[in-house]
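Have a look at the structure below, then the notes.
Order of the sequence lines fixes the chain letters, A, B, ..., with proteins taken first and strands second; residue numbering starts at 1 for each chain. From a predicted model like this one, the values you see are computed outputs, not experimental measurements. Scope of the values below: all heavy atoms of this structure, side chains included, with no hydrogens, waters or symmetry mates.
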Number of protein chains: 2
Amino acid sequence: MRTPSGAGGPARRATLSRDRVLRGAIAYADVNGIESLSMRGLAQELGVVPMALYKHVVNKEDLLDGMIEVVVGEIDQAQGTGQWKHDVRQRILAAHKSLLFHPWARAVLESRSSMTPAMLDYLDSLTGLFLAGGLSVDLTHHVMHTLGNRMWGFSQELFAATPKSDTESLNTQRNALPRQRPHLAEIAKAAAHADPSSTVGPGCDDQFEFEFALDLILDGVDTLHARHWSSARPTTTASD
Amino acid sequence: MRTPSGAGGPARRATLSRDRVLRGAIAYADVNGIESLSMRGLAQELGVVPMALYKHVVNKEDLLDGMIEVVVGEIDQAQGTGQWKHDVRQRILAAHKSLLFHPWARAVLESRSSMTPAMLDYLDSLTGLFLAGGLSVDLTHHVMHTLGNRMWGFSQELFAATPKSDTESLNTQRNALPRQRPHLAEIAKAAAHADPSSTVGPGCDDQFEFEFALDLILDGVDTLHARHWSSARPTTTASD
DNA sequence: ATTGACAAGTGTACACCGTACACCTAGATT
DNA sequence: AATCTAGGTGTACGGTGTACACTTGTCAAT
């Protein structure tokens, strides 16, 4: 609650902030690679002593979470056209673009053990596009798994946002989910209903999801094959 | 070239070997998690001093590569039935099973910057199944990208096996590829021909591959949607 | 049996990492 | 002026990977 003069402060010396730490870390990783991002190195880059960072970030894990949060939060959110396939496509390509912009983002994102708020928001909005397009909750559920594995590697831990045994945060999240992420909540409810054996936790049959995605791809390829599909790359003549 | 008595040696004391180090590391990671696998911890587990490991493994990266090599090499290689879709499905599920057996395998595999021989062999055999099924080289190429992203996260670096600037190993690999991995070589050749701008390197349009996979999924979902597809989970009555 | 070579296990040491903890300090609040 | 407090500092500890020099155990050849 400081911010010396609101806007355009000179910010001499250090004057860190969580945002500056996160942005600094992102820039550092963009330039030097994520593997050489260290608390010490980042501190030096920011003209500060290493321990100063810990006033804005609980530890390195939190730093990485924050970096992902920023990147995912920057995913372009275009207005929908109402055609679900187009809108979904656009949204996913936007995510892909943001992740490609930071080469380290995908690996870091996949190394997180639970979803950050921005990730959940993104997934929720994507889910909403399918549902708005009239797809069943069931089908939407499975295609989210399929796509999720593609956009980033969450897959089986979509709804298992409780890494170890943090039952308190789990309950907090269960209560907060429906009102904040309505579309995800709808899917989670349906999945829990279909498989009552796991009232808490994923409620998803990982093997089923994997095979669903696999068969979707194989059947799609089969169709293309039957149609004598060809990619017709730009440098190739289309006469053949 | 030691191996005291060929088979069934008592192996008192330490008597390491690359294989024992690798197996030990795999067991250690299976039990304690990959994040707590350290050279020191592994050495202690093997009843040996840390630096002893370095006589069988060039560094920790090499250790991780070796672990992946073992796991991928253990993927079940069933006889094909001649039906490409079935055979591909079977092969991929076998890979999935092996990776699931070692929870750390997927993350480690995706953290590798280049393909290990066993990975290349697996991909080559998979490619061969598509080609044997009559799919075009073109279509096979793209579906390999699509599936690759699913089985593990190689995607864009399939043919970019040269992480930094190791031109010598690149040349070695380029010469060795055709005779050892004929199916991959065929795809690589076709891709390089279609895009002559990059005589060395990927030769693949990452964005195209991503969109190909995305559209394959979206079109497949569209089809399922039109058919009023439902997953019909076991606990659900099929009457509805 | 002695020697010598060589593969393999050892011990020490170093640079780097994340971060706990006590401290100081400058600005705001009272 | 006294106090509080958010935030930057300094030191220190235990952990990591691994370079380098060493000892040792095993074999082939003498």
Under a 4.0 Å heavy-atom cutoff, the residues of residues 61-71 of chain B touching DNA chain D are none
Stepwise, does the salt bridge (charged side-chain N to carboxylate O under 4.0 Å, His left out) test hold for B:Asp87 with B:Arg91?
CA-CA 6 Å; B:Asp87 291 349; B:Arg91 183 83 107 228; over 6 Å; no
Treating primed atoms plus P, OP1 and OP2 as sugar-phosphate and everything else as base, which nucleotides of nucleotides 12-17 of chain D get B, S or - for protein heavy atoms under 4.0 Å?
B---BB
Counting only side-chain heavy atoms from C-beta out, which of C:dG9, D:dG8, C:dT19 sits nearest to A:Pro50?
C:dT19
What is the separation between atom CG on B:Leu16 and atom P on D:dT26, rounded to the nearest whole Å?
15 Å
Side-chain donor-acceptor contacts of residues 24-33 of chain B below 3.5 Å, not counting sequence neighbours, with atom names and distances?
from    : atom 1 : to       : atom 2 : distance (Å)
B:Asp30 : OD1    : B:His102 : ND1    : 2.9
B:Asp30 : OD1    : B:Trp104 : NE1    : 2.6
B:Asp30 : OD2    : B:His102 : ND1    : 3.1

Are A:Leu216 and A:His142 packed together at the side-chain level, in the sense that at least one heavy-atom pair is separated by less than 4.5 angstrom?
no
For B:Asp124, which residues count as a side chain to side chain contact (heavy atoms under 4.5 Å, CB included) partner, sequence neighbours excluded?
B:Arg181, B:Pro182, B:His183, B:Leu184
Check the distance between C:dC21's C1' and A:Lys55's NZ and give it to me in whole angstrom.
10 Å
Which residues satisfy the salt bridge (charged side-chain N to carboxylate O under 4.0 Å, His left out) test with B:Glu69, sequence neighbours excluded?
none
For a quick test of reading the model, state the closest non-hydrogen atom pair linking B:Gly73 to B:Ala118 and the distance between them.
N-CB, 4.2 Å
Interatomic distance, B:Leu53 CG vs D:dA19 P [rounded to whole Å]
13 Å
So which atom in A:Met144 and which in A:Thr127 form the shortest heavy-atom distance, rounded to 0.1 Å?
CE-OG1, 3.3 Å
Distance check: side-chain N/O of B:His56 vs OP1/OP2 of C:dA7, anything under 4.0 Å?
no
Tell me the interatomic distance from B:Leu42, atom CG, to C:dG9, atom P, rounded to whole angstroms.
13 Å
Just grab all the salt bridge (Lys or Arg N to Asp or Glu O under 4.0 Å) pairs involving residues 43-52 of chain A, residues at least two apart or on different chains.
none
